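Remarks on the structure that follows.
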Amino acid sequence: MLCRAGQIRRCAASLSQTINQVAASRQKHTLPDLTYDYGALEPHISAEIMQLHHSKHHATYVNNLNVTEEKYQEALAKGDVTSQVALQPALRFNGGGHINHTIFWTNLSPNGGGEPQGELMEAIKRDFGSFQKMKEKMSAATVAVQGSGWGWLGFDKESGRLRIAACANQDPLHGTTGLIPLLGIDVWEHAYYLQYKNVRPDYVKAIWNVINWENVSERLQTAKK
C-alpha cells in the first residue's frame with residue numbers, strides 16, 4: 001500500500017514537472033512589426049496616434065496576455081479551477097486585443113483606399129448591392145458602437161456570405177460571432193482621439209482612404225478554404 005502511494009506521488013510530481021516544462025517552453029506572444037512607418041498613413045491617421053497605438057496600447061495587450069497565460073498555466077498545473085475561471089476575462093480582453101490589432105495593422109496601407117477588385121468586389125455587390133452600400137452599412141455600424149469596440153466585415157463560412165458586425169471592447173469577432181474577420185475598424189478612442197477628438201464619424205470616414213483591399217481579399221481567399 002505504501003509502495004502504491006509512493007508511486008502515485010511520484011507520478012503526480014512527474015506530471016506537474018511536465019506541465020511546468022511545457023509552460024516554460026511555450027512561445028510568448030510578441031508585438032508584430034508594421035510594414036510601414038508610423039507616419040505613412042498621414043494625413044488620415046497621424047504618426048503620433050500610430051506610434052502610441054502600436055508601441056504602447058497593442059504592446060500592453062501583448063504583455064498582459066503573456067502574464068495572464070503564465071498564471072493560467074500555473075492554475076492548470078495546480079488544478080485550481082477557481083483561478084482558471086477568474087482569469088477568463090483577462091484572457092478574452094488581452095487575447096482579443098492582440099488578435100484584433102494584429103489584423104488591424106495589416107488591413108491598413110499607405111497605398112490603400114479606392115475600391116477592392118475581383119472576387120471580393122463581386123462578393124460585396126452580391127451581399128450588399130454595391131460597394132458604396134457596404135461602406136455606408138459598415139460605417140454606420142462602426143460609428144454606433146457604444147463606448148469602445150470594433151466594426152467588422154466578416155465571412156460567414158456556413159452561408160458563404162459576407163456580413164457586417166460590431167463587437168464590444170476587445171471581443172474577437174471569430175470567438176464571439178463565428179464570423180471570420182476580413183476587415184476591422186478600431187473605434188476605441190485611443191485609435192483616433194488625438195486627431196479627431198470626439199468626432200468618431202470623421203475618423204471612420206477617413207480610414208477608408210487607407211484600407212488595404214489586397215489584404216482583405218487575401219483574407220477572404222483564406223477564409224473560403
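FYI, side chains are in, hydrogens and waters are out, and symmetry mates aren't considered; it's all heavy atoms of this structure. It should be emphasised that the depicted structure is a prediction, and the values quoted were computed from it without experimental measurement.
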Could you walk me through whether N212 and L108 satisfy the side chain to side chain contact (heavy atoms under 4.5 Å, CB included) test, starting with their C-alpha distance in whole Å, then the side-chain angles of each, then the deciding distance to 0.1 Å, before giving a yes or no?
CA-CA 5 Å; N212 183 353; L108 305 178; 5.8 Å; no

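- Within the 3.5 Å criterion, the main-chain N or O of K225 finds a donor-acceptor partner in the side chain of K157.
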Check against side chain to side chain contact (heavy atoms under 4.5 Å, CB included), H44 and I207:
CA-CA 6 Å; H44 310 293; I207 204 170; over 6 Å; no

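- Closest approach of S139 to W208, counting heavy atoms only: OG-NE1, 2.9 Å.
- Residue F93 holds its CZ atom at 5.5 Å from CD of Q170, rounded to the nearest 0.5 Å.
- Here the two rings, on F104 and W152, have centers that are 6.0 Å apart or farther.
- Between atom NE2 of residue H54 and atom CG of residue D33 there is a gap of 6.5 Å, rounded to the nearest 0.5 Å.
- In the model, H53 has a side-chain atom that pairs as donor or acceptor with a side-chain atom of D186 under 3.5 Å.
- L182 and L179 end up in the same hydrophobic cluster when Ile, Leu, Val, Met, Phe, Trp and Tyr side chains are linked at under 4.5 Å.
- With no hydrogens or angles considered, no side-chain donor-acceptor pair links S46 and E42 at under 3.5 Å.
- The shortest distance between side-chain heavy atoms of F128 and L153 falls below 4.5 Å.
- With hydrophobic clusters built from ILVMFWY side chains whose heavy atoms lie under 4.5 angstrom apart, V143 shares a cluster with Y203.
- Hydrophobic clustering of Ile, Leu, Val, Met, Phe, Trp and Tyr side chains at less than 4.5 Å, counting indirect connections, unites Y38 with L194.
- One distance of note links OG1 of T68 with CG of L91; it measures 5.5 Å at 0.5 Å rounding.
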Show me the donor-acceptor pairs within less than 3.5 Å that the side chains of residues 158-167 make with the rest of the protein, sequence neighbours left out.
from	atom 1	to	atom 2	distance (Å)
S159	OG	D156	OD2	3.4
S159	OG	R161	N	3.4
R161	NH1	D127	OD1	2.4
R163	NH1	D156	OD2	3.4

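- The shortest distance between side-chain heavy atoms of P116 and I124 falls below 4.5 Å.
- Closest approach of L120 and S217 over heavy atoms only: CD2-OG, 3.3 Å.
- D80 is linked by a salt bridge (charged side-chain N to carboxylate O under 4.0 Å, His left out) to nothing, counting only residues two or more places apart in sequence or in another chain.
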Kindly determine whether R200 and Y196 satisfy side chain to side chain contact (heavy atoms under 4.5 Å, CB included), including the steps that lead there.
CA-CA 7 Å; R200 182 185 285 178; Y196 293 94; over 6 Å; no

Take H98 and N94 through the side chain to side chain contact (heavy atoms under 4.5 Å, CB included) test and state the conclusion after the steps.
CA-CA 6 Å; H98 181 39; N94 293 294; over 6 Å; no

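- We find the CD-CD distance between E69 and E74 to be 12.5 Å, quoted to the nearest 0.5 Å.
- Look at E70 and K28 and you find a salt bridge, because one of the NZ, NE, NH1 or NH2 atoms lies within 4.0 Å of a carboxylate O, short of that distance.
- Cluster membership check: V62 does not share its hydrophobic cluster with W150, using side-chain heavy-atom separations under 4.5 Å among Ile, Leu, Val, Met, Phe, Trp and Tyr.
- One N or O on the side chain of W188 and one on the backbone of N169 form a donor-acceptor pair closer than 3.5 Å.
- There is no path of hydrophobic side-chain contacts, each under 4.5 Å, that joins I99 to L87.
- Looking only at atom types and distance, the side chain of W105 has a donor-acceptor partner in the side chain of H58 under 3.5 Å away.
- Taking the ring centroids of H57 and H101, they lie at or beyond the 6.0 Å cut-off.
- To the nearest 0.5 Å, the span separating CG on L220 from CG on L183 amounts to 12.0 Å.
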